[in-house]
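Taking it in order: structure first as structure tokens, then the write-up.
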There are 2 protein chains.
Amino acid sequence: MAKKKIDASTEEKIIEAARKVFTEKGYAATRTRDIAEEAGLNLALLNYYFRSKEKLFSLVMAEKIGQLFGVIAPIVNDDKTSLQEKIELIVPAYLNVLLQNPGLPLFVLSEIRNNPEHFSNRVQAGKILTQSVLVKQLLEKQPNVNPLQFILNLLGMCIFPFVTKPVFEASGLLNKASFNQLIEERKTLIVKWVNLMLDN
Amino acid sequence: MAKKKIDASTEEKIIEAARKVFTEKGYAATRTRDIAEEAGLNLALLNYYFRSKEKLFSLVMAEKIGQLFGVIAPIVNDDKTSLQEKIELIVPAYLNVLLQNPGLPLFVLSEIRNNPEHFSNRVQAGKILTQSVLVKQLLEKQPNVNPLQFILNLLGMCIFPFVTKPVFEASGLLNKASFNQLIEERKTLIVKWVNLMLDN
DNA sequence: TTCATTTTTAATCAAATGATTAAAAAATTT
DNA sequence: AAATTTTTTAATCATTTGATTAAAAATGAA
């Protein structure tokens, strides 16, 4: 029986390069050669370790979807925290995740658009948006408004600046520092705004 | 001297097909053969009329950017309307544009991400975000908050549902009718919410 | 060291893809 | 109608790209 242990360092180099290139350019615009070059490795190694571009992409995408939904899922389903507390937890936590990974939302959203069938099962967004504790609490507070409206606002106010970041950068309007400053300000502002919406 | 007139019908068929395929799949994932097939025409005609995939894409993209910024630009720079009036004009007008062209925001934003250099000049977002009458009026009302914060909220609350639409569709959570219903409700809700933010 | 196994590389393949060409078909002019 | 120009088509090119292969290099076991 042959040795099966694989050099973790090389494997990790490839997937790290794949994370970077896929999230920057999207699946279709990414060449496997781009990834190999970014990793500083021979192209054939990519297929040796991950079989195909598609498989490597699936790994990265699963990771990224996990990041995008992973932070909020436990908060949203905690029945020990109030609606108010949830908002105060979600906003800064989510903004921090996005600050660490600014390209994440646009990457995930555009890939889902490009290949909706492939993600219909994997995205557990449905449960969060219909059966979560948060939804129940929103309905208690505002029975006459579809709770999805508030969730769209809460997530949208967090995510939207990151989705439009390339526009700001292309127009030279915001550098990285002033963008981050803007997001820091939003950590308290969004909480205030969402509470205003819920109290009126 | 030969006749230079070109059959507008064929040309229009191609660009209409290009609009559809490019906005659905993005530049990189679009094959010129997809466009030709969608138009029901020979592939070579695409190059006969538009020289290259790149040129055809530039035309479509210019159109789409125009649609995305064209509706709000005149409203935003009108110094005869109040801040309140501007919000009441922008929200339903913008939501109607997006209802007619739901894929528009995700298409434009992801293409700008994929090729930022190419759009640095063309996007006049900079002026709207710094020199518009709207910005001055926002600063009068709330001198202590970066007006960009409110613009992000106003545009984000309009655009974000359309950016996440593929997720809703993939998860089977919303059909087209209930999505449109959600947007219709937002026409009045967003106006109310933005006013709340500005008054507190 | 020797030998087997694993990892890496250079070369190459086959399919896809943007684009061109030359000829046919259609339209327009004279 | 004849001639000229414009439009359309089928065939083909050259390049790119995901993937494979066979051999070399590195690693670990005996």
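First the proteins, then the strands, lettered A, B, ... as listed; each starts at 1.
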- Side-chain N or O of Thr10(A) closer than 4.0 Å to phosphate OP1/OP2 of dT8(C): yes
- Thr32(A) side-chain N/O to dG18(D) phosphate OP1/OP2 under 4.0 Å: yes
- Item | Atom pair distance, as rounded to whole Å: NZ in Lys53(B) and P in dT20(C) | 15 Å
- Query: So what does Leu46(A) touch, heavy atoms closer than 4.0 Å: a base, only the sugar-phosphate, or nothing?
  - Reply: nothing
- Note on the structure: Rounded to whole Å, CG of Asp34(B) lies from C1' of dT17(C) at a distance of 10 Å
- Message: Distance check needed: dA24(D) P versus Leu45(A) CG, whole Å only.
- Response: 18 Å
- Query: Using 4.0 Å as the upper bound for N to carboxylate O, is an ion pair formed by Asp78(B) and Lys86(B)?
  - Reply: no
- Query: Taking OP1 and OP2 of dT8(D), is either one under 4.0 Å from a side-chain nitrogen or oxygen of Tyr49(B)?
  - Reply: yes
- Hey, does the side chain of Arg33(B) come within less than 4.0 Å of dT17(C)'s phosphate (OP1/OP2), counting only N and O? no
- OP1 or OP2 of dG18(C) under 4.0 Å from side-chain N/O of Ser52(B): no
- Rounded distance in Å - NZ (Lys13(A)) to P (dT7(C)): 14 Å
- Given atom OH of Tyr48(B) and atom C1' of dT21(C), what is their separation to the nearest angstrom? 14 Å
- Atom pair distance, as rounded to whole Å: CZ in Arg51(A) and P in dA19(D): 10 Å
- Does OP1 or OP2 of dT8(C) have a side-chain N or O of Asn42(A) closer than 4.0 Å? no
- How close or far is atom P of dA10(C) from atom CD of Glu37(A), stated in whole angstroms? 14 Å
- Between Phe179(B) and Phe162(B), does the ring centroid distance fall short of 6.0 Å? yes
- Item | Distance, rounded to the nearest Å, where Asn47(A) contributes CG and dA19(D) contributes C1' | 5 Å
- Query: Residues in side chain to side chain contact (heavy atoms under 4.5 Å, CB included) with Leu43(B), at least two apart?
  - Reply: Thr32(B), Arg33(B), Ala36(B)
- Task: Hey, can you tell me if Phe57(A) and Phe22(A) have their rings parallel, tilted or perpendicular (30° and 60° cut-offs)?
- Result: perpendicular
- Query: Among dT8(D), dA19(D), dT20(D), which is the nearest nucleotide to the side chain of Ala44(A)?
  - Reply: dT20(D)
- Query: Would you call Arg19(A) and Glu16(A) a salt bridge, using N to O less than 4.0 angstrom?
  - Reply: yes
